[in-house]
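One structure is given here, and the rest of the page talks about it.
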Amino acid sequence: MDLSGLFNKNAGTTSIVSIDVAKSLAYCFEENSLKVLSLQKVNKDATRIVSIKLKDIQNTRVQSMLNGEELQNDIVVQTRKNLGLNDETEYIVKSRIVGENSYESYALNYEVLSQGLQDVVSELKYIDKIIPDPFLFEGLYEARVLNANETHCFLFLDNDDAFLALYNKGMFGFTRGFGRYSLTNLCEQYKNNTGANIELKDFLNSLKNEGVNGAFFSVLDDMAFYISDIFNSTASLANAGISKVFIGSSIGEIPGLANLINQKLSIETIDFDFNKKFEAGDLDASCMNTIRYYYAKYILDDSLNFTAFSRPPAFLKRDGGQFLAVVAIACVLGLITPIYELGSALYYFGINHFEESKLQDIKKELSILEPDYKSKKEQVDNQKKQINELEASIATSKKLLDESQDKKFNYRSKAEFLSDISALISDVKVKTTHINFKNNEANIHIISDDDNKITALIEKIDKSSKFRVTTERISVQNTNSALFESNITVGFIK
């Protein structure tokens, strides 16, 4: 029984906090607003996310046909064996499926994690999500900040780490570190090249302002060549069809670096610019806090979540809490049930009494109305009988009238027809052998010693306003006779 939803204060929270470990600051996102707070002021109900460096993660490929808990145990065993991890050291192992029964497995030393987050955990107690940097960019696609139908590569330079991550159609595909060109190592190379004794902080300020110019060009150009070599020598990158490269750093945009990478790779290269949605002067230039926000909001899959500092289960998710809740509910139900049953009994007794009384009243009314109903029904039946007899009489009269009218009309029409047609036949001097009437038409058989006379008769009839005429043909009666014959059909025009 899951009763956690009854009192879960975190349900439906929209507040997401990205922890910048290096600065010990909390970037609190709510919808389109952002506040930068100290760790002490973080809302205890907000979702908290931290990212970890790629350099702290070890990975290997494992195969397993198991399922469920057995699969996870098998992946852990194979990962420790493949990476040669010390049995006395605790590791957090996570994996993602990359093929049928094939998994990419990642191991993180728990002591390294806890030491790196010691101050944060001491203040906040709980961290909901701990995600390796290269996996964070998936949130940009789910939030539709980037086009999920394209293939992109992300380059990021941190103070003590550097990596690239390939995403194909919004899905993580490949990552590789090049820590030799972290910002700290770039500073060391700069000092070796120039002989300058410069502090990292001053180097970073100068690099952010001057970019790919002067003495900085040499170290950045070396890095660009190295990245180009990785692209050309790694099949996962060379054959990926990358449409854009995004480059960023923990100090923000380095002027001219995107153009330098573009020249080396011949791929459109763009500086990180993912803070547009949030208007605040104190946004971090690296955009990584915004990227962590998008991941925490849109990515629900926790298969690559390395947190070892999860919140304790809500009271009603704990075994003891659920037991006490069930006992309390049972006690309440134990007291409510007798009262409910008594109330139900009284309620239904009252309903039954009311319905019985109502039924008796209806029966009394029926006994009074029944004699009157029978009388009225008898009257209605007699009236129906009279109506039926009257309708039959009317139908008979109508039939006689229709027949009389038909005879009157037809006899008059036929007489008029014979009179008019006889006059036309006499005019053209042809003979008729018979006339047959059908409906409003007469079929007349004509004979003549001249077919032109028959034609003349047809034309006269056709010109009459009283008739319409049709004929199929005029033919010779027989071979031994000079007579012509024709069947013409003459219709009445009313």
(message) Under 4.0 Å between a side-chain nitrogen and a carboxylate oxygen: does that hold for Arg96 and Asp301?
(response) no
(message) Within the 3.5 Å criterion, strictly below it, is a donor on Asn59 or Glu104 matched to an acceptor on the partner's side chain?
(response) yes
(message) With a 4.0 Å cut-off on N to O distance, would you call Lys385 and Asp381 a salt bridge?
(response) no
(message) Regarding Asn382 and Glu378, do their side chains bring together a donor and an acceptor under 3.5 Å, going by distance alone?
(response) no
Pairs under 3.5 angstrom only: tabulate donor-acceptor contacts from the side chains of residues 421-430 to other protein residues two or more places apart or in another chain.
from   : atom 1 : to     : atom 2 : distance (Å)
Ser422 : OG     : Leu418 : O      : 2.5
Ser426 : OG     : Ser422 : O      : 3.0

(message) Is there a side-chain contact between Ile270 and Lys244 in this structure, where contact means two heavy atoms from C-beta onward sitting under 4.5 Å apart?
(response) yes
(message) Once rounded to the nearest 0.5 Å, what's the spacing between atom OH of Tyr27 and atom CD1 of Ile19?
(response) 10.5 Å
(message) If I compare all heavy atoms of Tyr294 with all of Phe274, which pair ends up nearest, and what's the gap?
(response) CE1-O, 4.1 Å
(message) Among residues at least two apart in sequence or on other chains, which ones pass salt bridge (charged side-chain N to carboxylate O under 4.0 Å, His left out) with Lys463?
(response) none
(request) Let me know which of Phe246, Phe135, Phe174 forms a ring-ring contact (aromatic ring centres under 6.0 Å, His included) with Phe154. (result) Phe246
(request) Quick one: list whatever passes salt bridge (charged side-chain N to carboxylate O under 4.0 Å, His left out) with Arg468, sequence neighbours left out. (result) Glu441
(request) Could you tell me which non-hydrogen atom of Ser64 sits nearest to which non-hydrogen atom of Gln78, and how far apart they are? (result) CB-NE2, 4.1 Å
